Amino acid sequence: MNAHWDKPRMEVLTRLWLSGKTARMIAEKLGGGVTRNAVIGKAHRLGLTGKHGSKSAALKRARAFRPKGSDQQRQRVSKTRAYS
DNA sequence: CCCTGATTCGC
DNA sequence: GCGAATCAGG
């Protein structure tokens with residue numbers, strides 16, 4: 001996956017985001033392996049979050065607190081992306 | 001029922 | 001800084 005967002009990537013991201021496209025459409029447009037989470041995360045980092053032209057999910061904001069990694073919250077493969 | 005963005009944490 | 005997970009609402 002692209003850990004670095006290049007200029008064209010950020011441009012298309014911002015363009016589609018402000019265009020009213022959903023994170024999922026943008027993720028598919030970029031392709032690669034970017035998920036809607038990655039797009040949203042980058043969008044928020046850029047400060048696009050909240051500037052969405054559409055409504056719906058943009059109406060809310062405050063999210064619940066994450067239970068952190070106390071005992072075994074995230075027992076996922078944590079970065080088990082098949083290391084060469 | 002699925003989808004949407006938003007937030008938080010871990011790496 | 002990036003990604004993924006979780007939440008809350010329509």
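Note that this is a predicted model, so its numbers are computed, not measured.
Between Ile40(A) atom CD1 and dC3(B) atom C1' the separation is 11 Å, expressed in whole Å. dT4(B) atom P lies 10 Å from atom NE2 of His52(A), rounded to whole Å. One can place NE2 of His44(A) at 19 Å from P of dT6(C), the figure rounded to the nearest angstrom. Met25(A) has its CE atom 18 Å from the P atom of dC2(B), to the nearest Å. As rounded to whole Å, 11 Å separates atom P of dT4(B) from atom CD1 of Ile26(A). In this structure, Lys21(A) atom NZ and dT4(B) atom C1' are separated by 15 Å, rounded to whole Å. Distance His4(A) NE2 to dG3(C) P: 10 Å, rounded to the nearest Å.
For the atom pair OG (Ser19(A)) and NZ (Lys29(A)), the distance works out to 11.0 Å, reported to the nearest 0.5 Å. Of the inter-residue distances, the one linking Lys21(A) atom NZ with Arg15(A) atom CZ reads 9.0 Å to the nearest 0.5 angstrom.
Other members of the cluster containing Leu13(A) are Trp5(A), Met10(A), Val12(A), Leu16(A), Trp17(A), Leu18(A), Ile26(A), Leu30(A), Val34(A), Val39(A), Ile40(A), Leu46(A), Leu48(A), with ILVMFWY side chains joined at under 4.5 Å, either directly or via other members.
Looking at the side chain of Arg24(A), the nearest of the listed nucleotides dA4(C), dC3(B), dA6(B) is dC3(B). For Asn37(A), the listed nucleotide lying nearest its side chain is dA5(C); candidates were dT4(B), dA5(C), dA6(B).
Base contact: Arg36(A) has a heavy atom under 4.0 Å from a base atom.
Scanning for salt bridge (charged side-chain N to carboxylate O under 4.0 Å, His left out) contacts around Arg9(A) gives Asp6(A), with sequence neighbours left out.
OP1 or OP2 of dG3(C) lies within a sub-4.0 Å distance of a side-chain N or O belonging to Trp5(A).
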